[in-house]
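Here's the structure, in structure tokens; my notes come after.
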Amino acid sequence: MKMTKPIMIKNISLGEGQPKICVPLTGKTCEELYAGARKAKEAGADLAEWRADFFEALMDEEKLTEVLKGIAGILAGVPLLFTIRTRAEGGEAEISQEDYQSVNLSAAKSGCADLIDVEVFSCDRPENLIRKLHDTGTRVIASSHDFQKTDDRDALLKRFLEMEQTEADILKMAVMPEEFDDVAAIMQVTSEMVRKHTEKPVISMAMGGLGSISRIAGENFGSSVTFATAGAASAPGQFPIHELRTMMEALHQKNTSEENVSL
């Protein structure tokens, strides 16, 4: 049986204990982003994700670096994930491959992003980009998002295994369920990855209301991070952070009490 090797990002250990809660920042302007960062910090987010595809000055490297420094300063120790979500994977960015790689590298070189999200199936030669990002000292999440459907279990596992072959530090998959069997499929495949196929932390979720249980119960099937709001949502089905934390804590206490009874 594989054992997840936790990764320390600042003061957060990913891959052990309860899943960590990440709050997305989706502002279009620096003022909106700074306000969102303050809300995330005040709400007790474990991590924050800057969804830079919403940012109106995405291609302005100087402005991008300035805002990264501003967000990191406000978060004051809360790890920052930098993400450009492309239209191909449900995001806002219509961007060339050259620009996608260039902006991600600029974010990494700023020294303000602790993690960079790389869409491995929408990116040309993702291994090359991941290697360059690692050269800056930045950790990488290999991600895959399907906002239309959920593939069958074999296809989901195949995608995870392909992601495992990259040099990324963390593996992430999000899918859109059409029925509850789809929710069960992503949870079961995540559990299999964690138990049998990888020592890397894994993040997964089924989106929308139907998939909401996957955002709460990651501790039970092996997902190490979940996403919640302290403002605007970045994906369907996200809970406000305080609600999510309450539900996760209740589940954790239930799990712990049952383990004690079994002992």
Side-chain angles (χ1 to χ4, degrees), residues 9-14 17-55 67 70-72 74-83 85 89-92 114-115 117 141 143 145 147 170 172-177 180 182-183 186-187 190 201-256:
I9 308 291
K10 290 184 174 171
N11 63 333
I12 297 297
S13 180
L14 301 181
Q18 288 183 253
K20 307 307 184 287
I21 300 179
C22 183
V23 168
L25 312 177
T26 58
K28 294 182 179 181
T29 66
C30 58
E31 292 80 10
E32 291 173 354
L33 286 162
Y34 295 159
R38 283 189 287 271
K39 286 182 179 178
K41 175 73 172 177
E42 292 165 3
D46 298 309
L47 305 93
E49 177 187 36
W50 180 15
R51 279 288 303 274
D53 48 298
F54 285 88
F55 186 46
V67 174
I71 292 172
I74 292 168
L75 292 174
V78 175
L80 178 59
L81 164 61
F82 181 84
T83 297
R85 186 70 61 234
E89 299 211 9
E92 298 294 313
D114 302 288
L115 290 157
D117 179 295
I141 297 177
S143 73
H145 299 76
F147 275 71
I170 300 167
K172 179 190 177 192
M173 189 181 297
V175 297
M176 183 63 74
F180 187 75
D182 294 336
V183 181
I186 187 65
M187 294 167 76
T190 303
V202 174
I203 304 168
S204 74
M205 67 217 65
M207 294 179 283
L210 187 60
S212 59
I213 185 62
S214 68
R215 297 186 181 276
I216 302 166
E219 183 176 7
N220 286 18
F221 65 91
S223 181
S224 61
V225 175
T226 187
F227 290 75
T229 65
S234 64
Q238 290 175 352
F239 291 100
I241 185 171
H242 296 300
E243 291 182 13
L244 180 59
R245 195 179 295 282
T246 298
M247 290 184 285
M248 288 172 57
E249 186 60 34
L251 181 60
H252 176 71
Q253 291 176 3
K254 182 69 172 175
N255 290 339
T256 302

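All values reported here derive from a predicted model rather than from experimental measurement. Nothing fancy with the numbering, it's 1 onward along the sequence.
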Hey, does [Y] have a side-chain heavy atom less than 4.5 Å from the side chain of [X]?
X: Ile203; Y: Ser223; result: yes
X: His252; Y: Glu219; result: yes
X: Arg245; Y: Asp46; result: yes
X: Phe54; Y: Glu32; result: no
X: Leu47; Y: Leu81; result: no
X: Ile9; Y: Lys20; result: no

Please report the shortest heavy-atom distance between [X] and [Y], naming the atom on each side.
X: Lys172; Y: Phe227; value: NZ-CZ, 3.8 Å
X: Ser204; Y: Phe221; value: OG-CE1, 3.3 Å
X: Asn11; Y: Pro79; value: OD1-CD, 4.4 Å
X: Arg215; Y: Leu244; value: O-CD1, 3.5 Å
X: Thr229; Y: Pro240; value: OG1-CA, 3.2 Å
X: Pro177; Y: Gly211; value: CG-N, 4.1 Å

Sequence neighbours left out, what passes side-chain hydrogen bond (donor to acceptor under 3.5 Å, both in side chains) with [X]? Give chain and number order.
X: Thr226; result: none
X: Glu89; result: Ser122, His145
X: Asp182; result: none

Quick one, Met207 with Ile186, criterion side chain to side chain contact (heavy atoms under 4.5 Å, CB included). Give me CA distance, side-chain angles, the key distance, then yes/no.
CA-CA 11 Å; Met207 294 179 283; Ile186 187 65; over 6 Å; no
[atom2] on [Y] to [atom1] on [X], rounded to 0.5 Å:
X: Ile213; Y: Ile216; atom1: CD1; atom2: CD1; answer: 4.5 Å
X: Ile71; Y: Cys30; atom1: CD1; atom2: SG; answer: 9.5 Å
X: Ile21; Y: Gln238; atom1: CD1; atom2: CD; answer: 11.5 Å
X: Asp117; Y: Arg85; atom1: CG; atom2: CZ; answer: 4.0 Å
X: Ile241; Y: Thr246; atom1: CD1; atom2: OG1; answer: 10.0 Å
X: Met247; Y: Glu243; atom1: CE; atom2: CD; answer: 6.0 Å

Report yes or no: does Ser214 contribute a side-chain atom to a donor-acceptor pair with the main-chain N or O of Ala206 at less than 3.5 Å?
yes
Does NZ in Lys28 sit with more than 12 non-hydrogen atoms of other residues, nucleotides or ligands closer than 6.0 Å?
no
